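Take a look at the structure below.
Numbers here are sequence positions counted from 1. What you are looking at is a predicted structure, and each value in this text was computed from that prediction instead of being measured. Read the numbers this way: they start at 1 and go in the same order the structure lists the ligands and their atoms.
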Amino acid sequence: MKQPILLSTPHIGEQELKFVQEAFETNWVAPVGPHIDAFEQEFSQIVGAKHAAALSSGTAALHLALKLVGVKPGDEVFCSTFTFIASVSPITYLGATPVFIDSDRTSWNMDPSLLADSLAQKDRIGKLPKAVVLVHLYGQSADIEPIMQICDRYGIPLIEDAAEALGATYKNTSPGTWGRAGIFSFNGNKIITTSGGGMLVSGDDKLISQAKFLATQARDPQPHYEHTQIGFNYRLSNILAGIGRGQLMVLKERVTARRRNFAFYQKMLGDLPGIEFMPEADFGTCTRWLSCLTFDPNIGGIDREQVRLKLLEQQIETRPVWKPMHLQPVFASCECVNNGVAEDLFQKGLCLPSGSNLTNEELERVTTKIRELYNK
Ligand SMILES: *Cc1c(COP(=O)(O)O)cnc(C)c1O
């Protein structure tokens with residue numbers, strides 16, 4: 001039996017172990033230490049952020065961001081519906097209610113005109129949301145500028161979930177650096193990984209120092225342990241920050257490799273009827289963190305599930321694109337501004353194996369099996 005081909009696996013470079021070793025040799029085996037500071041600095045430089053806090057996960061980063069812009073129980077927070085649940089869970093941790101906004105076809109991310117319409121409507125009834133969480137999905141930036149302008153018009157803080165978009169560009173800048181705060185993830189399946197981890201970035205140094213304070217149990221500056229607030233245990237370990245520093249050194253190569261996977265799939269499958277690849281919006285570069293495409297059975301006679309199951313038989317792992325949050329049972333009672341795009345993508349969309357460590361033989365195995373379904 002052939003080796004399984006997985007969706008997206010960690011891809012460690014040459015330097016990571018050296019940084020980890022250094023942490024051991026200097027006994028910085030703690031959620032404090034020189035790798036954390038260096039990782040924050042190097043990361044900020046790469047994405048063009050002013051300030052950064054290294055945290056235990058992207059979810060933790062988003063939780064702190066929402067808390068620090070003042071989200072409280074009973075508030076509403078707007079969020080992209082086409083995303084992974086970690087974009088939304090922190091809204092509920094704070095006792096707030098998500099309102100979901102659908103996507104446009106050009107970027108698969110939040111549709112600026114839907115956002116504008118729904119904010120105008122909320123304004124008329126005097127119930128504006130406390131924040132907007134804008135997700136940059138599958139390595140592609142949303143159309144940030146119009147969304148920022150709309151948020152600014154109403155004075156609503158924009159928080160960018162760039163967990164999947166490290167290495168992407170929007171008008172030659174990094175998504176995640178435009179809003180009041182942005183978050184990134186270094187989970188095992190992301191474009192670079194620390195096994196688990198996240199980063200909060202902001203132009204506001206007070207927000208970042210508050211985040212670091214809350215992430216370390218909100219300990220007041222006293223020789224003993226003094227607390228006037230409830231905090232969290234959300235700091236990244238110095239060892240994992242060492243892995244992160246090594247991974248940052250190969251980020252560019254990882255983006256190139258993932259874009260190469262996508263180009264290969266496009267070349268080998270692009271002629272098949274009913275297949276469409278995720279578009280790349282003209283305002284930036286998509287990292288192709290995951291290679292996504294849609295199968296229209298009315299045109300090609302083959303649906304997404306047939307492809308997924310056929311590949312599964314061959315031990316090739318694929319995944320339907322994210323099931324929209326407004327279709328999730330846990331959010332059944334939440335409002336959604338729905339234009340049908342996310343639902344349509346979920347019906348037809350599939351993520352193919354996308355790791356930066358895939359070989360040509362593996363990529364060919366995937367495309368050959370898909371072509372067999374079409375007898376081509
Ligand atoms: C992975 C991911 C997160 C959460 O990051 P973790 O580090 O796994 O907590 C948040 N949002 C999106 C869109 C993600 O893909």
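By heavy-atom distance, the residue among E164, K190, M199 lying nearest atom 2 (C) of ligand 1 is K190. Considering A60, S185, G198, A165 only, the shortest heavy-atom separation from atom 7 (O) of ligand 1 involves S185.
Near A163, the atoms of ligand 1 lying under 4.0 angstrom from a non-hydrogen atom of the residue are 2 (C), 3 (C), 10 (C), 11 (N), 12 (C), 14 (C). Short contacts between ligand 1 and N187, defined as distances under 4.0 Å to a heavy atom of the residue, involve ligand atoms 8 (O). Per-residue contacts place G197 under 4.0 angstrom from the following atoms of ligand 1 (heavy atoms of the residue considered): 7 (O). Those atoms of ligand 1 that come under 4.0 Å of a heavy atom in S87, given as number and element, are 11 (N), 13 (C). Near S57, with a cut-off below 4.0 Å to any heavy atom, the atoms of ligand 1 are 7 (O), 9 (O). Close contacts between ligand 1 and A86 involve ligand atoms 3 (C), 4 (C), 10 (C) [criterion: under 4.0 Å to a heavy atom]. Listed by number with element, the atoms of ligand 1 under 4.0 Å from a non-hydrogen atom of T83 are 13 (C). Below 4.0 Å from some heavy atom of G58 lie the following atoms of ligand 1, by number and element: 5 (O), 6 (P), 7 (O), 9 (O).
Counting only distance, with no hydrogens or angles, the side chain of S141 and the backbone of T169 share no donor-acceptor pair below 3.5 Å. T92 places a side-chain N or O within donor-acceptor distance of the main-chain N or O of S89, the cut-off being under 3.5 Å.
Contacts between N189 and ligand 1 below 4.0 angstrom, taking non-hydrogen atoms only, are absent altogether. Heavy atoms from both the backbone and the side chain of T59 come within less than 4.0 Å of ligand 1.
Taking the six-membered ring for Trp and the full ring otherwise, Y93 and H63 have centroids separated by under 6.0 Å.
A salt bridge is defined here as a Lys NZ or Arg NE, NH1 or NH2 lying under 4.0 Å from an Asp or Glu carboxylate O, and R105 with E276 fails to meet this definition. Contact check on E361 versus K2 returns no salt bridge, with no Lys/Arg side-chain nitrogen under 4.0 Å from an Asp/Glu carboxylate oxygen.
Annotation: K67, atom NZ; neighbour count of heavy atoms from other residues, nucleotides and ligands within 6.0 Å does not exceed 12. Environment of CD1 in I230: sparse, with no more than 12 heavy atoms of neighbouring residues, nucleotides or ligands closer than 6.0 Å. Residue Y154 places its OH atom among more than 12 non-hydrogen atoms of other residues, nucleotides or ligands, all under 6.0 Å distant.
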Kindly indicate, with the supporting measurements, whether the criterion side chain to side chain contact (heavy atoms under 4.5 Å, CB included) is fulfilled by S56 and F232.
CA-CA 11 Å; S56 55; F232 306 90; over 6 Å; no

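Looking only at protein heavy atoms, the nearest one to atom 11 (N) of ligand 1 is D161 OD2, 2.7 Å.
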